[in-house]
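Because the structure is predicted, anything quoted here is derived from the model rather than measured. Computation of the quantities below employed the complete heavy-atom set of this structure, encompassing side-chain atoms and omitting hydrogens, waters and symmetry-equivalent molecules.
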Amino acid sequence: MSSGNDIPIDPDGSSSPIPDVDLSSILGNTLLIGLAIVVIAAPVVGFMAWEPVEEGNVKVVKKWGAATGTVFEPGAHFINPVSQSTVSLSTRPQSYTMSAQQGDGNRENTDDAITVLTEDGLRVDIDITIRYRVDSTEAVNFYRNYRGAEAAEQRLIRPSIRSVLRTEAGRLPVTEIYTGEGQTRLKQAAQETLQRDFNEDGLILETVQIRNVNLPQEYAQSVEQKEITKQRRQQKENELEVEKLEADRKRIEAEGQAEANRILSESLDQNVLTEKYIEKLDETDTVYIPVGGEDYPQFVRNIEGSSGQNSAQGANGGSTNQSSA
C-alpha cells in the first residue's frame, strides 16, 4: 500500500519526479503570442484590403477570379483580400491609328494604312485615327468581353474599320475619294459602324479622323499636272479679264472725253471766242494777232464787217500785226 508521497516508478524501473505545470503562465504566453500575431498581421491585411482608385480609372472587382459586377470609381475602397481582387481599366480617351507612315501608327515600323479598291478598281491607301474611351458604367461588360484596350483594338476596332472603309470606298470613284466630300462619306460610314459596335461592348466613340488618302504615284502625278494646268488656265483667264477691264476703262474714258469735247465745242461759238479774246487784250501790253485767210482773225471780221477788214488790210498789208498798248 502506497502513500500520497510515493514516488512513481517508470516502467524501466527508474523513478523521477513530475514537475508542476503552471496553466496560468501558459495561457498568458499564448495570449501574448496571439496579440503579437494580430499586431503584425493587421497592417498587412489592411494593406492588402486597401484598394485606392486613381482619377481617370475604374476597377472591376473579382471574386475567386470572376467579375462580380461591382465597379470601384475613383476614391478609397476596401476588399476581402482572401477572396476578392480587382482589375484596373483606364477611362481616359485613347487613340488607335493606322497609317502608311512608319512610326506614326500603333504598329511601329510598319506600313499599316488600310488599302481599299475604288469603284473604278484603283488601289488607294487610307490613314485613319479612332479616338475612344471605356464607358465607366459599362466597365464590367467591357472587361468580360475584352479584358483590356489592346484586345479591343485588335478584335473590334481594327477589323470593323477595315471592313467599313473597304465597303464604302468601293462605292466611290477615284476622282472623288480624295476630295473633301469623299473623305466625309468615309468618315460618316466609319462612325456609324463603330458607334453601333461600341454601344454593345462598353466603349464610347469620340471621333474618327480620315488623316490622309494616298493615291498611287502615277495617278497622283496626273492629278497634280491637271491641277497645275487648271491653275495656269485660270491665271490666263484672270489676265485676260484684267486686260478686258482695262480696255473697257480706256474706252469709257475716251467716250467721256469725246462727249466733253462735243459739249465744249457746242458751247464755244464765235461770240464767246470774241469775248474771250477781248478780255485777254486787257491783260497784256503786247498782243500777237494771228490773221485768217484774209489776213484777219475770223472773229474780227465778223465784228467789224467788211469795211473794217478793208481798212485793216490797207494798214497791215496782209501780215501779222503787233500793237503796243
So, Thr129 side chain and Gln209 main chain: donor-acceptor pair closer than 3.5 Å or not? no

Report yes or no: do Ile204 and Ile130 belong to one cluster of Ile/Leu/Val/Met/Phe/Trp/Tyr joined by side chain heavy-atom distances under 4.5 Å? no

Main chain of Ala189, side chain of Thr193: is a donor-acceptor contact present, judged purely on distance under 3.5 Å? yes

Heavy-atom nearest pair, Val87 first then Lys62, reads CG2-CE, 3.6 Å

Arg211 side chain near Thr97 side chain, heavy-atom distance below 4.5 Å: yes

Taking NZ, NE, NH1 and NH2 as the nitrogens, is one of them in Glu168 or Arg171 under 4.0 Å from a carboxylate oxygen of the other? yes

Nearest 0.5 Å, what's the OG-CG distance between Ser160 and Asp197? 4.0 Å

Between Arg144 and Phe142, is NZ or CZ placed under 6.0 angstrom from the six-membered ring centre and within 45° of the ring axis? no

Can you find a heavy atom in the side chain of Leu203 that is under 4.5 Å from one in the side chain of Leu156? yes

Determine the sole option in Ile177, Ile128, Ile114 for which the side-chain contact (heavy atoms from CB on, under 4.5 Å) test with Leu186 is passed. Ile177

Short N-O contact, Glu73 and Lys59, less than 4.0 angstrom: no

Could you walk me through whether Ile157 and Phe198 pass side-chain contact (heavy atoms from CB on, under 4.5 Å), step by step? CA-CA 9 Å; Ile157 297 177; Phe198 280 15; 3.7 Å; yes

Is a donor on one side and an acceptor on the other found under 3.5 Å between the side chain of Asn57 and the backbone of Val53? no

Please determine, by modelled atom types, if Arg155 and Tyr146 share a side-chain donor-acceptor pair under 3.5 angstrom. no

Pairs under 3.5 angstrom only: tabulate donor-acceptor contacts from the side chains of residues 241-248 to other protein residues two or more places apart or in another chain.
residue, atom, partner, partner atom, Å
Glu246, OE1, Arg249, NE, 3.3
Glu246, OE2, Arg249, NE, 3.3
Glu246, OE2, Arg249, NH2, 2.5

Looking at Thr91 and Ser136, what are the two nearest heavy atoms and their distance? CG2-CB, 4.1 Å

In Å and rounded to the nearest 0.5 Å, what is the OG to NZ distance from Ser85 to Lys63? 12.0 Å

Do you know which two heavy atoms are closest between Val208 and Ala190, and how far apart they sit? CG1-CB, 4.0 Å

Identify the heavy atoms of Val60 and Leu89 that sit nearest to each other, and give their distance. CG2-CD1, 3.9 Å

So, Asn145 side chain and Asp201 main chain: donor-acceptor pair closer than 3.5 Å or not? no

For the residue pair Met98 and Arg158, establish whether any side-chain heavy-atom pair is separated by less than 4.5 Å. yes

Distance-only, no hydrogens or angles: does the Asn80 side chain make a donor-acceptor pair with backbone N or O of Val82 under 3.5 Å? yes

Pick from Asn214, Asp125, Leu165, Ile126: which one makes a side-chain contact (heavy atoms from CB on, under 4.5 Å) with Thr115? Asp125

Please confirm whether the backbone N or O of Glu176 pairs with a side-chain atom of Thr179, one donor and one acceptor, at under 3.5 Å? yes

Walk me through whether Val61 and Phe72 qualify under side-chain contact (heavy atoms from CB on, under 4.5 Å). CA-CA 7 Å; Val61 180; Phe72 288 162; 3.5 Å; yes

Do Arg196 and Glu192 sit within salt-bridge range, that is, some charged N less than 4.0 Å from a carboxylate O? no

Is there side-chain contact between Leu117 and Arg123, with heavy atoms separated by less than 4.5 Å? yes

With a 3.5 Å cut-off and no angle check, do the side chains of Tyr132 and Glu153 form a donor-acceptor pair? yes

Does Thr184 use its side chain to pair, donor to acceptor, with the backbone of Gly180 at less than 3.5 Å? yes

Counting only N and O atoms by type, is there a donor-acceptor contact under 3.5 Å from the side chain of Arg92 to the main-chain atoms of Glu55? yes

With side chains defined as the heavy atoms from C-beta onward, is the minimum distance between Ile79 and Thr86 less than 4.5 Å? yes

From Arg166 atom CZ to Ile161 atom CD1, the distance as rounded to the nearest 0.5 Å: 11.5 Å

Closest non-hydrogen atom pair, Val116 against Ala169: CG2-CB, 3.5 Å

Please check if atom CD in Gln154 has more than 12 non-hydrogen atoms from other residues, nucleotides or ligands closer than 6.0 Å. yes

Take atom CD in Glu150; do more than 12 heavy atoms of anything else shown fall under 6.0 Å from it? no

Heavy-atom nearest pair, Gly56 first then Pro74, reads N-CG, 4.4 Å

Side chain proximity check, Arg131 to Thr207, heavy atoms < 4.5 angstrom: yes

